[in-house]
Amino acid sequence: MRRIELQEAPLDTAALVKTVGTKEDGAVLTFIGTARRGSMGKSVTHLHYEAYESMAIKELGKIADEACSRWPVSDCVIVHRTGTVGLGEPSVFIGVSTPHRAEGFQALQFIIDTIKKTVPIWKKEFFEDGSMWVSERP
Amino acid sequence: MRRIELQEAPLDTAALVKTVGTKEDGAVLTFIGTARRGSMGKSVTHLHYEAYESMAIKELGKIADEACSRWPVSDCVIVHRTGTVGLGEPSVFIGVSTPHRAEGFQALQFIIDTIKKTVPIWKKEFFEDGSMWVSERP
Amino acid sequence: MKITVKLFASVRDLCGFDEKEIIVPEGITVEEVLKRLTVSFPGLGAKRAALLCAINEEYAPPDAALAEGNVLAVFPPVSGG
Amino acid sequence: MKITVKLFASVRDLCGFDEKEIIVPEGITVEEVLKRLTVSFPGLGAKRAALLCAINEEYAPPDAALAEGNVLAVFPPVSGG
C-alpha cells in the first residue's frame, strides 16, 4: 500500500499505524515528527506549516519511489500536516513495512532525511513574543 | 513514560502509539515486529512465543535503562506478546520519543537488536506440516 | 513572454505577494528573474545564496531558461518534517 | 543441597519437564549440573555449546557456583522480537 498526502486536519497516528504492514513483512517502522517546545533556547507555543502542495506531493512521490527501489518496502505511508500544529501534536507520519528490520530502518531514515532536504514545506515557529520561519534562523 | 510488559492478549498498536511522545520531543519512533509468512522457504501459518516471564521483564528493564542512559529518551514503551500470534499480527511493539530524530533511531535500533540477543523469549514457527523452534534451525 | 512567479514562506513575506504574472524577455534564465526581483525587493539580496527555485514544480538550477507560460517558484530552504 | 531447574522451549521439549527440584553437592557449578542433565538426556549434548543458563533470573557463566535454593534456568538461544 502506498499513500502520500498533505492534510490540514490533525494526523490520526493511531489509525495510520494500522494501515502499515503485510503478511509478508516482519517489520513495521514508523517515524512521527512532533512539535516540540524547545528551540534555540526559546519556548515554542505552536508551529505553522506551509507547503507548495502540488510540488510537495511530487517530491514525496519521488522519495517513496526511491525508497521502494533501494529497499524491499511493501507499504509506504507518508502524511504531512499543513497549517497550525499545536505543541506535542504530530506534524508528519511516515510508516514503512519490510520483510526484515534492517532494511526498514534504512528506508525510514532515508525518507525522513530526504523530506527535510527536498520537499517544499516550511515551518514557522511561534513564541510568546513573535514568530520565525525556521529556514531563516539568525 | 516507561512501560515494559509481556502480554498474551493481542497488541493494540493503535493505542500503544498514542502513549509515546511528549511536548519536549520532536521525534517518536516505533518498531513493530510482525509474524511473516516466509521463513527459510516454507510457509508459516502462525507463531507461538514462550517467555521466561520474570527474567524477560528484568532483561527488558535493563535494555530500557541502558537506552535511556545512552540517549535522551523521554518515553520508552516495550510490549511483547506471548502465546499464539497469527500471520501479520504484531509480536512486539517498541516506541521511543526523543528531542531529535537521530538519537531516536539509535535508541530504537539498540533496543530491538538487544532484545533479540538477551531477552529470554523463544519463537516457534508453525507450518502446514509441523513446527520448529527458531533457535533450533537445522 | 509571460511567466508566473510564485513565492513561499519568508520570500513571500518579504516581497508581499504570493503569485504574480510578469512579462520577461524570451529565454530569460532563473538567475536573471531573481536579479529583477532583487531590484524590486532589495531584502532578497541577502537571502540569494540560499534561495531555491523550481520551474513547473521541478527544481531548476540558476542557468535554466524559462519558456512562455512557465511557473517559476522561488522559496527559502525547506524545513518540513 | 536443593536447587530448582527450569527448562524452556526446545530444551524443555527435549527433557520432558519444565521445572524440577534436584539434590546436588554443595558448590556445584552450572557446567556440572548441565553434565548431569546430559547424562539423563543425551540429546542435550549436541546443543550444549549453544545453551544459555541463568541463576535466579540473571545470566550465569558455566563456572558459576550454585547455592541452596537457587533457581537454575537452562534454555536455547533466545529468538523473541
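Chain A is the first sequence line, chain B the second, and so forth, proteins listed ahead of strands; every chain is numbered from 1.
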message: If you apply the rule side-chain contact (heavy atoms from CB on, under 4.5 Å), what do you find for Asp113(B) with Arg101(A), and how did you get there?
response: CA-CA 10 Å; Asp113(B) 287 353; Arg101(A) 73 186 186 283; 2.8 Å; yes

message: One pair to check against side-chain contact (heavy atoms from CB on, under 4.5 Å): Ile112(A) and Phe105(B). What are the steps and the verdict?
response: CA-CA 11 Å; Ile112(A) 180 61; Phe105(B) 272 99; 4.0 Å; yes

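- Between atom CZ of residue Arg36(A) and atom CG of residue Asp25(B) there is a gap of 8.0 Å, rounded to the nearest 0.5 Å.
- Heavy atoms of Pro90(B) lying under 4.5 Å from chain A are absent altogether.
- Of the atoms belonging to Ile94(B), not a single heavy atom falls under 4.5 Å from chain A.
- In this structure, chain A has heavy atoms under 4.5 Å from both the backbone and the side chain of Ala27(B).
- In this structure, Val28(B) and Thr13(A) have side chains that are not in contact, with every pair of non-hydrogen atoms separated by 4.5 Å or more.
- Heavy-atom neighbours of Lys116(B) NZ from other residues, nucleotides or ligands within 6.0 Å: above the threshold of 12.
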- prompt: Does the side-chain contact (heavy atoms from CB on, under 4.5 Å) test come out yes or no for Ile32(A) and Val20(B), once each step is laid out?
  reply: CA-CA 10 Å; Ile32(A) 300 168; Val20(B) 189; over 6 Å; no

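- Pairs engaging residues 79-98 of chain A under the ring pair (Phe, Tyr, Trp, His ring centres under 6.0 Å) rule: Tyr49(A)-His80(A) [sequence neighbours left out].
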Chi angles and distances behind the side-chain contact (heavy atoms from CB on, under 4.5 Å) call for Leu108(B), Leu29(A): CA-CA 10 Å; Leu108(B) 184 65; Leu29(A) 270 298; 3.8 Å; yes

Can you give me every donor-acceptor pair (side chain of residues 55-66 of chain A, partner residue at least two apart or in another chain, under 3.5 Å) with its distance?
| residue | atom | partner | partner atom | Å |
| --- | --- | --- | --- | --- |
| Lys58(A) | NZ | Glu57(C) | OE1 | 2.9 |
| Glu59(A) | OE2 | Lys62(A) | NZ | 3.0 |
| Lys62(A) | NZ | Glu58(C) | OE1 | 2.5 |
| Asp65(A) | OD1 | Arg2(A) | NH1 | 2.6 |
| Asp65(A) | OD1 | Arg2(A) | NH2 | 3.4 |
| Glu66(A) | OE2 | Arg70(A) | NH1 | 3.2 |

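- Residues Arg37(B) and Glu24(A) are paired through a salt bridge, judged by an N-O separation under 4.0 Å between the basic side chain and the carboxylate.
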